[in-house]
J.: 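There's a structure below that I have some questions on.
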Amino acid sequence: MRLLVLGGHDRMRARVRELSKRYGVNIKFINQETQQNIDNALACADWVIVFTGLVGHNMVRLAKDYAKDRFIFCHSHGVCSLEREIKRLVKNEGSNLDI
């Protein structure tokens with residue numbers, strides 16, 4: 001599964017890599033400083049998690065346009081919130097494979 005995280009502080013980057021390894025998910029992290037290739041990243045992502053308090057309106061609009069119904073708005077912007085959403089996605093993907 002390819003996951004794109006929009007928003008967040010630069011200090012989260014190391015934790016995002018750790019979560020990626022722990023859950024076996026390919027995670028790309030884009031914040032305000034690293035938004036150069038956002039269109040390509042959005043087009044390739046299976047799911048997009050948007051930290052609403054840490055992104056601009058333009059990034060939210062792009063996420064809605066590209067991801068359609070494959071995005072999650074996360075109103076709290078901590079690592080625990082991100083991990084909770086990743087767990088939920090991994091669990092749902094696993095249950096869909098059993099059907």
Side-chain angles (χ1 to χ4, degrees):
M1 175 175 26
R2 292 173 305 220
L3 179 65
L4 176 64
V5 177
L6 290 180
H9 301 290
D10 278 336
R11 63 182 177 265
M12 278 184 65
R13 192 172 305 278
R15 295 296 304 271
V16 167
R17 275 189 240 121
E18 179 184 310
L19 291 173
S20 177
K21 289 178 186 175
R22 183 182 308 159
Y23 293 102
V25 177
N26 184 6
I27 302 175
K28 178 136 176 102
F29 177 72
I30 295 179
N31 60 8
Q32 294 291 346
E33 288 81 26
T34 60
Q35 62 180 346
Q36 298 90 352
N37 298 325
I38 190 169
D39 295 330
N40 188 29
L42 283 166
C44 295
D46 295 323
W47 283 94
V48 178
I49 295 178
V50 181
F51 286 124
T52 56
L54 300 171
V55 296
H57 288 88
N58 189 37
M59 288 176 82
V60 172
R61 183 184 54 77
L62 283 171
K64 283 183 176 182
D65 289 346
Y66 275 96
K68 307 287 185 224
D69 59 345
R70 300 172 294 122
F71 65 90
I72 299 168
F73 285 133
C74 192
H75 300 294
S76 56
H77 54 272
V79 175
C80 292
S81 300
L82 177 60
E83 186 171 10
R84 181 177 54 244
E85 295 301 333
I86 291 171
K87 282 181 183 178
R88 187 176 307 152
L89 288 171
V90 168
K91 179 181 177 187
N92 288 340
E93 183 176 282
S95 66
N96 289 341
L97 293 175
D98 295 338
I99 294 175

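Any value given below was found using the heavy atoms of this structure, including those in side chains, with hydrogens, waters and symmetry copies removed. Because the structure is predicted, anything quoted here is derived from the model rather than measured.
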J.: How close do W47 and D69 get, heavy atom to heavy atom, and via which atoms?
T.: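 In terms of heavy atoms, the two residues are closest at CZ3-O, 4.0 Å.
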J.: Give me the atom names and distance for the closest heavy-atom approach of M1 to V25.
T.: O-CG1, 3.5 Å
J.: Short question: side chain of R13, backbone of H9 - any donor-acceptor pair under 3.5 Å?
T.: no
J.: Return the CZ to CD1 distance between R88 and I72, rounded to the nearest 0.5 Å.
T.: 7.0 Å
J.: Minimum heavy-atom separation for A63 and V48, please, with both atom names.
T.: CB-CG1, 4.3 Å
J.: Could you walk me through whether M12 and L82 pass the side-chain contact (heavy atoms from CB on, under 4.5 Å) test, one step at a time?
T.: CA-CA 10 Å; M12 278 184 65; L82 177 60; 4.0 Å; yes
J.: When rounded to the nearest 0.5 angstrom, what is the spacing between CG in N40 and NZ in K28?
T.: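 Rounded to the nearest 0.5 Å, the CG-NZ separation comes to 8.0 Å.
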J.: Would you say R2's side chain and C44's backbone share a donor-acceptor pair under 3.5 angstrom?
T.: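 Here the side-chain-to-backbone pair exists.
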J.: Give the minimum heavy-atom separation between N31 and F29, together with the two atoms involved.
T.: ND2-CE2, 3.8 Å
J.: What distance separates F51 CZ from E85 CD, expressed to the nearest 0.5 Å?
T.: 8.5 Å
J.: Evaluate side-chain contact (heavy atoms from CB on, under 4.5 Å) for S76 paired with R84, printing each intermediate quantity in order.
T.: CA-CA 11 Å; S76 56; R84 181 177 54 244; 4.0 Å; yes
J.: Apply side-chain contact (heavy atoms from CB on, under 4.5 Å) to the pair V50 and V60, showing each step before the final yes or no.
T.: CA-CA 7 Å; V50 181; V60 172; 4.1 Å; yes
J.: Could you measure the distance from the CG atom of L19 to the NZ atom of K87? Nearest 0.5 Å is fine.
T.: 9.5 Å
J.: For L4 and I30, work out which heavy atoms get closest and say how close.
T.: CD1-CD1, 3.7 Å
J.: Kindly say whether F73 contributes a backbone atom to a donor-acceptor pair with the side chain of T52 at under 3.5 angstrom?
T.: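 Pair absent, no side-chain N/O of T52 close to backbone of F73.
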J.: Nearest 0.5 Å, what's the CD1-CD distance between I27 and E18?
T.: 10.5 Å
J.: As a quick check of understanding, evaluate side-chain contact (heavy atoms from CB on, under 4.5 Å) for I38 and L62, giving each step before the final call.
T.: CA-CA 9 Å; I38 190 169; L62 283 171; 4.0 Å; yes
J.: Whether R22 and E83 form a salt bridge (side-chain N of Lys/Arg under 4.0 Å from carboxylate O of Asp/Glu) is what I want to check.
T.: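 Looking at R22 together with E83, the answer is yes, because their closest N to O distance falls below 4.0 Å.
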